[in-house]
Amino acid sequence: MPSRALKIDFDTDELKVVCVNSPLPSYLFVFLLNKKLRLRLCRSAKDMGDADKNVSYAVYEYRCNVLQNTWRVIENRCDSSKEQNQTSLFSRMDQRNLLFPKLKTTDFFICLNELSSSCFNEIKSVNQTVSCFMLPKNQSLIKHQLYT
């Protein structure tokens, strides 16, 4: 008798994504997050990015084997400067690129398996956090892109 199997990849519906707006650079935000939540987020060897635009977005990861929880912090913004031609008034022009342009007010994504209300409040209380909210449901396709 033939059997049928249902192949299930990682269920991104269980993945919680917190959107954070903060003026801090990513390394400083992650340092404060580590300190506040007693984590050990470290810079990943592989960044997310677009090679065509020569842009990369920092990724920080931490896996807690005891609690079976995985944390990822991903930048949504990348600031760069571009040299201008000699006829321009300024020699360099600053440019901001976004990983997900629809979420202009989001500077960082925090992705994790489980999120309690106390943990969410701790994230909100990190110094210089302007806003903190869960990823809107109409942007759920972003979850797949953040976890690949």
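All values derive from a computational prediction rather than experimental measurement.
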Can you tell me how far CD1 of Ile123 sits from SG of Cys19, rounded to the nearest 0.5 angstrom?
11.0 Å
Tyr57 to Cys78 - nearest heavy-atom pair and separation:
CE2-CB, 3.5 Å
How many angstroms lie between CG in Leu41 and OG in Ser26, if you round to the nearest 0.5 Å?
11.5 Å
Hey, mind stepping through Phe133 and Asn21 against side chain to side chain contact (heavy atoms under 4.5 Å, CB included) and telling me if it holds?
CA-CA 9 Å; Phe133 56 93; Asn21 182 353; 5.8 Å; no
According to the interplanar angle, ranging from 0 to 90°, do the rings of Phe100 and Phe109 count as parallel (below 30°), tilted (30 to 60°) or perpendicular (above 60°)?
perpendicular
Which atom names give the shortest non-hydrogen contact between Ile74 and Met48, and what distance separates them?
CG2-SD, 3.7 Å
Checking Thr106, Leu15, Val18, Leu103 against Leu135 for side-chain contact (heavy atoms from CB on, under 4.5 Å), the one that qualifies is Leu103
Does Glu75 use its side chain to pair, donor to acceptor, with the backbone of Ala58 at less than 3.5 Å?
yes
Can you measure from CG (Leu32) to CG (Leu24) and round to the nearest 0.5 angstrom?
6.0 Å
Nearest heavy-atom pair of Ser125 and Lys36: which atoms, and what distance?
OG-CE, 3.1 Å
Got a donor-acceptor contact below 3.5 angstrom from the Asn113 side chain to the Asn69 backbone?
no
Would Phe108 end up clustered with Leu98 when hydrophobic side chains under 4.5 Å apart are linked, directly or stepwise?
no
To the nearest 0.5 angstrom, please state how far the CG atom of Leu39 sits from the CZ atom of Phe31.
12.5 Å
What distance do Gln145 atom CD and Gln139 atom CD have between them, rounded to the nearest 0.5 Å?
10.0 Å
Reported OG-to-CD distance for the pair Ser117 and Glu122, which is rounded to 0.5 angstrom
10.5 Å
Considering only heavy atoms from C-beta outward, does the side chain of Asp107 approach that of Phe29 to under 4.5 Å?
no
Using the rule that Ile, Leu, Val, Met, Phe, Trp and Tyr join whenever any side-chain heavy atoms are under 4.5 Å apart, tell me whether Val59 and Tyr27 fall into a single cluster.
no
Any side-chain heavy atom of Leu112 sitting closer than 4.5 Å to one from Trp71?
yes
Looking at side-chain heavy atoms only, is the closest gap between Ile110 and Leu115 below 4.5 Å?
no
Atom CZ of Arg43 with >12 non-hydrogen neighbours under 6.0 angstrom:
yes
Using side-chain heavy atoms (C-beta onward) and a distance below 4.5 Å, is Leu33 in contact with Val73?
yes
Should Leu99 and Met134 be counted in the same cluster of Ile, Leu, Val, Met, Phe, Trp and Tyr side chains packed under 4.5 Å apart?
no
Side-chain contact, heavy-atom cut-off 4.5 Å: Thr129 with Val20?
yes
